Every structure is written in C-alpha cells, then in structure tokens.
Amino acid sequence: MQATFLNNNEITKKELNDTAMKTLESKKIKDGIKEYPILNFTEEDLKKLRMCVTETLKYSDVVPAGGKVYKISKRVFDIMVASVATVLTVIPVGCFALAIFLHDGGNPFFVQIRLTKGGKPFKMYKLRSMCIDAEEKFAEVQKANKCDGLAFKSDEDPRITPIGRFIRKTSIDELPQLINVLKGDMSIIGPRPPLPREVVLYTPKQMDRLLVKSGLACICQTEGRSDMSFDEWMHTDIEYIKNRNMALDIKILIKMVIAVLKRKGAE
C-alpha cells in the first residue's frame, strides 16, 4: 500500500489551521489499529511527512526542558555510555549475529526507517529477530495487533524466530542502536523512535514526542516495556520532555538496566 495521499497533497501551513488541529486532536484509537492506511513510504513521502510534523510542532504548547549546557552534557553522556556499552557488548552481539545467520542464512542485522526530532527519518539498527521477509508479511499480521493504540504488538507473531524471541526478551536485539547513538541519530535516554506508519496517524499532542531526539530508552522501559497502555506511554514521554535533566536521565538509565535484567514487561 503506497502513501498516495502524501503524493497527491502538498502540506502547507494553511492546512494546519485550527479546525484541522481540532479534528486531529479528537481522533482517538482506543482499541488498537488493525489496518494501517500506509505501509510503504518513499523518500518523497518521508519528506512531506517531516514537513507535516514540523508544521504541527509549531503549534505545540510543550517546551522541552534543558538549556544549552544540558544539551552539551547529554551528548557527552551519550557518547561515553554508548562507547563503553559497545565495547562491552560487541562479542555477545557478534555471537548472536552469527547464530541468526546460521539459522536461516539471512543478514543478521535489520535496518528500519524511524523518525526522530522534528520528524527527521533515519535508519535504525537492530539484530534481526524475525524471518527474512518480515516486512513484506506485515500486511498479513497487522490485524492481530494487541496494542491498544497506534503501535503494533502481537504475542503470537509468526514472523518471530526462536532466536528472535530470546533476544527480544533480553533486549539484546536493541544493542546495535548504540551505533545510532554514536552517530547522533538517537540519545541514550529519550522517547522511543516511532515508525512513519504510526506518526502519520498521530494527533498533534502525540507528535509532541518528536520535539526532542529519540532515545534508546525512556520511562516506558523502566515501568515495564510492554505493560504500559499506549496513552500512558505517550503521557510519560511528554512528561519526560517537560522535565528532563541529567539527573533524571541517569536515573532512567539505571532503572532501565534493572528492568532489562529482570525482564520486566519484556515480550
């Protein structure tokens, strides 16, 4: 399914008037999305979606906390933590990458387009936990969505491999994102980067998550990554953006490590 409406419509500031904003704000998906209207995004589609996000965020009443000193400190913190973690985990990641390759002969690393601050698209890295053609099969499994909002979650996703189930429960599949942190695509702490198919359905309030750079972990990971409702997840991300500081980032990092070790809320 192609993003035809993005191809056929120019996104302008006028289109984001008060009426449109109220219409978007009133849209609520409580039972979970069962069929995403757009699955495939071209580069042009991503550019237009980014324009939409940028224009919408101009109307946001959320002011991200943290001044220049915090931003510099956060970047130094990101580089230090990601560098040490990459060195410590390079052998385990290599071993699991080899196991994934030996299982089906496919590329053990998975690259997916996600969105970060201002709707900017970037390539996010993961250890592949699904079958080789998982993206092509998504249209078949999306109706099994168990998430109560816009994200996709299924306890019995047939695309997940035996190795994939283990690396997901232990969060080992997320470790390659340390490279994204070193590149500057992501931070260690920040709202998880959403997929374009989710963002295109966001209300303006939900788009506030894109006021800051996306992260490897945020409050939702510390509270049980899969136990929190979609609305609670969105709310905690916005609260983080309003109150972020280095002390909070360090606290979230420590709690996230504990949650991973305890496999709290892991799928």
Side-chain angles (χ1 to χ4, degrees), residues 1 32-36 39-41 81-116 121-147 150-183 185-186 188 192-198 214-218 220-221 224-228 256-267:
M1 186 181 298
I33 189 76
K34 299 295 184 183
E35 185 173 359
Y36 293 87
L39 295 181
N40 301 318
F41 288 76
V81 173
S83 297
V84 172
T86 299
V87 172
L88 293 176
T89 60
V90 65
I91 293 178
V93 169
C95 291
F96 278 102
L98 178 60
I100 294 168
F101 174 75
L102 292 176
H103 175 71
D104 58 19
N107 188 338
F109 295 97
F110 178 63
V111 180
Q112 189 176 52
I113 297 296
R114 298 283 183 125
L115 301 186
T116 185
F122 72 99
K123 294 179 179 179
M124 191 185 80
Y125 309 125
K126 298 183 73 172
L127 278 172
R128 180 169 57 82
S129 60
M130 295 187 175
C131 57
I132 298 173
D133 56 349
E135 290 292 271
E136 289 76 13
K137 290 182 176 180
F138 180 75
E140 303 171 14
V141 302
Q142 61 180 322
K143 287 182 171 55
N145 190 10
K146 298 297 176 62
C147 180
L150 300 178
F152 176 81
K153 179 178 70 176
S154 176
D155 298 335
E156 301 176 357
D157 193 330
R159 301 173 301 161
I160 302 176
T161 64
I163 297 174
R165 293 193 184 281
F166 177 78
I167 63 176
R168 281 185 166 216
K169 286 185 177 181
T170 55
S171 296
I172 291 172
D173 63 321
E174 308 285 359
L175 291 177
Q177 288 161 45
L178 291 167
I179 302 301
N180 286 121
V181 175
L182 291 173
K183 288 175 61 181
D185 298 327
M186 298 169 59
I188 292 293
R192 287 295 293 160
L195 288 156
R197 67 171 179 248
E198 298 166 0
S214 296
L216 187 60
C218 203
C220 61
Q221 274 75 27
R225 292 156 287 170
S226 299
D227 298 334
M228 187 177 288
M256 184 270 291
V257 172
I258 293 173
V260 169
L261 292 176
K262 289 183 176 181
R263 300 186 187 182
K264 184 180 179 182
E267 285 296 331

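What you are looking at is a predicted structure, and each value in this text was computed from that prediction instead of being measured.
Closest approach of K153 to N145, counting heavy atoms only: N-OD1, 2.9 Å. The shortest heavy-atom contact between I113 and P196 is O-CD, 3.4 Å. Across all their heavy atoms, A151 and E198 have their closest contact at CA-OE2, 3.6 Å. Listed here is the closest heavy atom pair of L127 and P176: N-CG, 3.7 Å. P193 and R114 get closest at one heavy-atom pair: O-NH1, 2.7 Å. Across all non-hydrogen atoms, the minimal contact from P92 to L88 is CD-O, 3.9 Å.
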- Message: For a side-chain contact (heavy atoms from CB on, under 4.5 Å) check, start with the C-alpha distance between S129 and R165, then their side-chain angles and the critical distance, and finish with the verdict.
- Response: CA-CA 7 Å; S129 60; R165 293 193 184 281; over 6 Å; no

- For the pair L195 and F41, evaluate side-chain contact (heavy atoms from CB on, under 4.5 Å) and give the outcome as yes or no after the intermediate values. CA-CA 10 Å; L195 288 156; F41 288 76; over 6 Å; no

- Item | Worked verdict on L216 versus N180 for side-chain contact (heavy atoms from CB on, under 4.5 Å) | CA-CA 9 Å; L216 187 60; N180 286 121; over 6 Å; no

- Task: Given side-chain contact (heavy atoms from CB on, under 4.5 Å), test I188 with L178 step by step and report yes or no.
- Result: CA-CA 8 Å; I188 292 293; L178 291 167; 4.3 Å; yes

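Between F166 and F96, the ring planes lie parallel to each other; the angle is under 30°, not in the 30° to 60° tilted range.
Side-chain atoms of M186 and F122, non-hydrogen and from C-beta on, do get closer than 4.5 Å to each other. Contact check for Q112 versus E135: side-chain heavy atoms found under the 4.5 Å cut-off. Side-chain contact between P108 and L98: absent, with no pair of heavy atoms (C-beta onward) separated by less than 4.5 Å. In this structure the side chain of E140 never reaches within 4.5 angstrom of the side chain of P158, judged on heavy atoms.
Taking the six-membered ring where the residue is Trp, the centroids of F152 and Y36 are separated by 6.0 Å or more.
For the pair R128 and F110, the cation-pi criterion (under 6.0 Å, within 45° of the ring axis) is not fulfilled.
Considering CE of M124 and CD1 of I179, their distance stands at 13.5 Å, rounded to 0.5 Å. Atom CD of E174 sits about 15.0 Å away from atom OH of Y125, to the nearest 0.5 Å. Expressed to the nearest 0.5 Å, how far CG of D133 lies from CG of D104 amounts to 10.0 Å. Atoms CG and CD1, from D173 and I163 in turn, are 12.5 Å apart once rounded to the nearest 0.5 Å. The structure places CG of D157 at 11.5 Å from CD of Q142, a figure rounded to the nearest 0.5 Å. Taking NZ from K123 and CG from D185, the interatomic distance works out to 10.5 Å, rounded to the nearest 0.5 Å.
R159 and E136 are not joined by a salt bridge, as no carboxylate oxygen comes within less than 4.0 angstrom of a charged side-chain nitrogen.
Counting only distance, with no hydrogens or angles, the side chain of S214 and the backbone of L115 share a donor-acceptor pair below 3.5 Å. For S171 (side chain) and V260 (main-chain N/O), no donor-acceptor pair under 3.5 Å exists by modelled atom type.
Sparse packing is recorded around CD1 of I91, with 12 or fewer heavy atoms of other residues, nucleotides or ligands lying under 6.0 Å away.
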